Amino acid sequence: MKVPLLDLKIQNEALRGEVNAAIAKVLDSNGFILGAEVKALEEELADYCQTKYAIGCASGTDALLLALMALDVSQGDEVITTPYSFFSTVSAITRLGATPVFVDIDPQTYNLDISQIEAKITEKTKAIQPVHLYGQCAAMEDLRRISEKYNVPLIEDAAQAIGAEENGKRAGAGSEVGCFSFYPSKNLGGMGDGGFMTTNDEALAQKLFALRVHGSEERYYHKYVGLNSRLDALQAAILRVKLPHLDSWSEKRKQNADNYRKLFTDAGLTEEITLPFERENGRHIYNQFVIRVPKQRDELKQFLAECEIGADVYYPVSLHLQECFMYLGYGENDFPESERASRETLAIPIYPELTIEQQEFVIEKIAQFIHSH
Ligand SMILES: *Cc1c(COP(=O)(O)O)cnc(C)c1O
């Protein structure tokens, strides 16, 4: 039995007719950049994320960059963030000449360890940028308190967390700017690159709308030096077909996560393997189901590959140890929980269409590996 880490074929096949019709409509409209489809999608996304505004852009990476630009982050500023995330969480900061100031993660959630943040705030701190890793919100209410106490804005890297909640509040709704990605492997993925930002602040929204089109509000008149970072009409039209299914897909992922919990427990594997921690009063959307394997993680991954089971490591190198960030002066053991996570975590298949038989097969093979090592 083959169990890929992610299989988009089933989902896309079910929507083929609707997607083709949406593409044909854009073709006939003769408008390909921004336009009515993008505007309609933005309204639907704002509604979905419980925010006043949603602003489409070219990728999740650009969403982070645009958010930082909108808050005037530049040379000499500091942005507090996590070293355990996808690359662009940090490259967006350094690209503007600002300095990422890392805070280690909480080993249970893999998100920022709130207790370590205040000690890192200085005069130069221009923003705090938590990541909702794997689809679970960072402790936003605690972060909000810190943000208000020090008057430092929050930017959410919610690229993996569309629809995730803490106490009923959605990712992207509890900060100055929320940043999202439509990379195909996200819960709401496009058929190409794309992303968007959310905000409740009208002035910030206006600035973000301008920054994504070369900083202009009126064509050929430039208020800021912005980017060319627009969402195209084709992506928007396709995403509008997919958005109504997002909640049922995220619920299926959650159901699969619950199945795994039962299967791992029944197989007696919870000593050797730590299952993902779910915070109380939250909604985890399980963009990834990440187990912690303290012993022989890489060997297990290799064994699963031989059994045609997809598994991957998000992320094998902590960002403070990346070659391109050596100039920041960090070294080994500076963020021990982040480094330990990079050695121990393994994502296993969780996509919505995964069957119970496939999940049972994954557990059977993990058990076989554990018992023979
Ligand atoms: C996917 C992702 C991004 C970047 O999104 P792109 O659309 O690929 O540019 C940023 N941060 C995190 C945490 C992500 O998972």
Side-chain angles (χ1 to χ4, degrees), residues 5 81-86 89 102-117 130-144 146 156-171 174 186-187 250-295 297 300-301 311-316 318-319 335-351 354 359 362-363 366-367 370:
L5 183 57
T81 194
T82 165
Y84 189 64
S85 181
F86 180 66
T89 299
F102 295 119
V103 165
D104 207 357
I105 55 167
D106 167 343
Q108 277 193 304
T109 62
Y110 305 106
N111 286 328
L112 280 180
D113 179 348
I114 301 300
S115 71
Q116 298 188 35
I117 292 177
V131 178
H132 306 318
L133 206 66
Y134 305 143
Q136 173 159 253
C137 286
M140 287 304 293
E141 287 176 5
D142 294 337
L143 282 161
R144 192 77 252 166
I146 296 172
E156 288 166 83
D157 181 341
Q160 300 181 3
I162 188 169
E165 292 174 9
E166 181 192 60
N167 284 322
K169 189 171 244 180
R170 291 231 154 145
K186 313 293 182 181
N187 285 31
S250 292
E251 290 313 315
K252 261 311 287 243
R253 287 172 180 268
K254 161 74 176 151
Q255 181 60 54
N256 292 345
D258 291 345
N259 293 345
Y260 270 140
R261 281 181 203 285
K262 183 168 188 322
L263 291 167
F264 271 107
T265 306
D266 291 352
L269 293 172
T270 51
E271 288 281 303
E272 291 86 354
I273 284 170
T274 308
L275 300 177
F277 177 81
E278 258 188 45
R279 297 180 61 217
E280 260 175 60
N281 307 322
R283 179 189 189 213
H284 193 324
I285 62 149
Y286 285 100
N287 180 245
Q288 300 291 353
F289 187 89
V290 174
I291 57 175
R292 192 189 273 277
V293 190
K295 278 184 252 156
R297 188 265 322 262
L300 172 60
K301 179 179 173 230
D312 214 345
V313 176
Y314 304 106
Y315 296 89
S318 245
L319 294 170
F335 303 101
E337 287 303 341
S338 174
E339 291 167 43
R340 189 163 71 89
S342 68
R343 287 192 302 270
E344 298 184 347
T345 56
L346 188 66
I348 59 174
I350 188 74
Y351 63 90
L354 193 68
Q359 290 194 276
V362 172
I363 298 298
I366 293 176
I370 297 285

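Note that the coordinates shown come from a computational prediction; the quantities given were computed from them, not determined experimentally.
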Legend entry - Gap separating the CZ atom of Phe335 from the CG atom of Leu319, nearest 0.5 angstrom: 11.0 Å

Inset, instruction - List the steps and the verdict of side chain to side chain contact (heavy atoms under 4.5 Å, CB included) for Glu337 and Asp113. - result: CA-CA 10 Å; Glu337 287 303 341; Asp113 179 348; over 6 Å; no

Inset, instruction - May I ask you to check whether Gln255 and Asp258 show a side-chain donor-acceptor distance below 3.5 Å? - result: no

Inset, instruction - Please identify each residue that fulfils ring pair (Phe, Tyr, Trp, His ring centres under 6.0 Å) with Tyr134, with sequence neighbours left out. - result: Tyr110

Inset, instruction - Answer whether the closest heavy-atom distance between the side chains of Ile162 and Lys186 falls below 4.5 Å. - result: no

Legend entry - Side-chain heavy-atom pair Ile114, Ile146 within 4.5 angstrom cut-off: yes

Legend entry - Contacts of type ring pair (Phe, Tyr, Trp, His ring centres under 6.0 Å), residue His132, not counting sequence neighbours: none

Inset, instruction - Decide yes or no for Leu275 and Thr270: does some side-chain heavy atom of the first lie under 4.5 Å from some side-chain heavy atom of the second? - result: yes

Inset, instruction - Quick one: sort the Phe86 and Tyr315 rings into parallel, tilted or perpendicular, breaks at 30° and 60°. - result: tilted

Inset, instruction - With sequence neighbours excluded, tell me which residues meet side-chain hydrogen bond (donor to acceptor under 3.5 Å, both in side chains) with Asp104. - result: none

Legend entry - Tyr314 side chain to Ser342 side chain, donor-acceptor N/O pair below 3.5 angstrom: no

Legend entry - Euclidean distance, Asn256 CG relative to Phe289 CZ, rounded to 0.5 Å: 9.5 Å

Legend entry - Nearest atoms (heavy-atom pairs only) where Thr89 meets Val131: CG2-CG2, 3.5 Å

Inset, instruction - Can you label the angle between the Tyr260 ring and the Phe264 ring as parallel, tilted or perpendicular, going by 30° and 60°? - result: tilted

Legend entry - Closest approach of Ser250 to Arg283 (non-hydrogen atoms, all atoms of both residues): CB-NH2, 3.9 Å

Inset, instruction - Inspect the surroundings of NZ in Lys169 and state if more than 12 heavy atoms from other residues, nucleotides or ligands are less than 6.0 Å away. - result: no

Inset, instruction - May I have the step-by-step check of side chain to side chain contact (heavy atoms under 4.5 Å, CB included) for Gln160 and Ile285, ending in yes or no? - result: CA-CA 8 Å; Gln160 300 181 3; Ile285 62 149; over 6 Å; no

Inset, instruction - Could you please spell out the steps behind the side chain to side chain donor-acceptor pair (under 3.5 Å) verdict for Tyr84 and Thr345? - result: CA-CA 11 Å; Tyr84 189 64; Thr345 56; 2.8 Å; yes

Inset, instruction - Over all heavy atoms of both residues, which pair between Arg170 and Gly163 is shortest? Give the atoms and the distance, please. - result: NE-O, 3.7 Å

Inset, instruction - For Arg253 and Tyr286, indicate whether the former's side chain and the latter's backbone hold a donor-acceptor pair under 3.5 Å. - result: yes

Inset, instruction - Could you grab the distance from atom CD1 of Ile117 to atom CG of Asp142, nearest 0.5 Å is fine? - result: 8.5 Å

Inset, instruction - Could you go through the side chain to side chain contact (heavy atoms under 4.5 Å, CB included) check for Asp106 and Leu112 one step at a time? - result: CA-CA 6 Å; Asp106 167 343; Leu112 280 180; over 6 Å; no

Inset, instruction - Report yes if the side chains of Leu346 and Val290 come closer than 4.5 Å at any heavy-atom pair, otherwise no. - result: no

Inset, instruction - Taking all non-hydrogen atoms of both residues into account, name the closest pair between Gln288 and Ala347 and its distance. - result: OE1-CB, 3.7 Å

Legend entry - Leu5 vs Ile350 side-chain heavy atoms within contact, under 4.5 Å: no

Legend entry - Test salt bridge (charged side-chain N to carboxylate O under 4.0 Å, His left out) applied to Arg144 and Glu141, step by step: CA-CA 5 Å; Arg144 192 77 252 166; Glu141 287 176 5; over 6 Å; no

Legend entry - Residues Arg297, Glu344: salt bridge by 4.0 Å N-O rule: no

Legend entry - Distance (rounded to the nearest 0.5 Å) between Glu272 CD and Ile366 CD1: 11.5 Å

Inset, instruction - Tell me yes or no: between the side chains of Glu166 and Asn281, is some donor less than 3.5 Å from an acceptor? - result: no

Inset, instruction - Kindly indicate whether the side chain of Thr81, heavy atoms from C-beta on, has any atom under 4.5 Å from the side chain of Pro130. - result: no

Legend entry - Any Cys137 side-chain heavy atom under 4.5 Å of Glu165 side chain: no

Legend entry - Non-hydrogen side-chain atoms of Asn111 and Ile105 separated by less than 4.5 Å: no

Inset, instruction - Could you tell me the separation between the CZ atom of Phe277 and the CD atom of Gln136, rounded to the nearest 0.5 Å? - result: 7.5 Å

Legend entry - Full working for side chain to side chain contact (heavy atoms under 4.5 Å, CB included) between Ser85 and Asp157: CA-CA 10 Å; Ser85 181; Asp157 181 341; 4.3 Å; yes

Inset, instruction - Evaluate the criterion salt bridge (charged side-chain N to carboxylate O under 4.0 Å, His left out) for residue pair Lys254 and Glu278; output intermediate values, then yes/no. - result: CA-CA 11 Å; Lys254 161 74 176 151; Glu278 258 188 45; 3.0 Å; yes

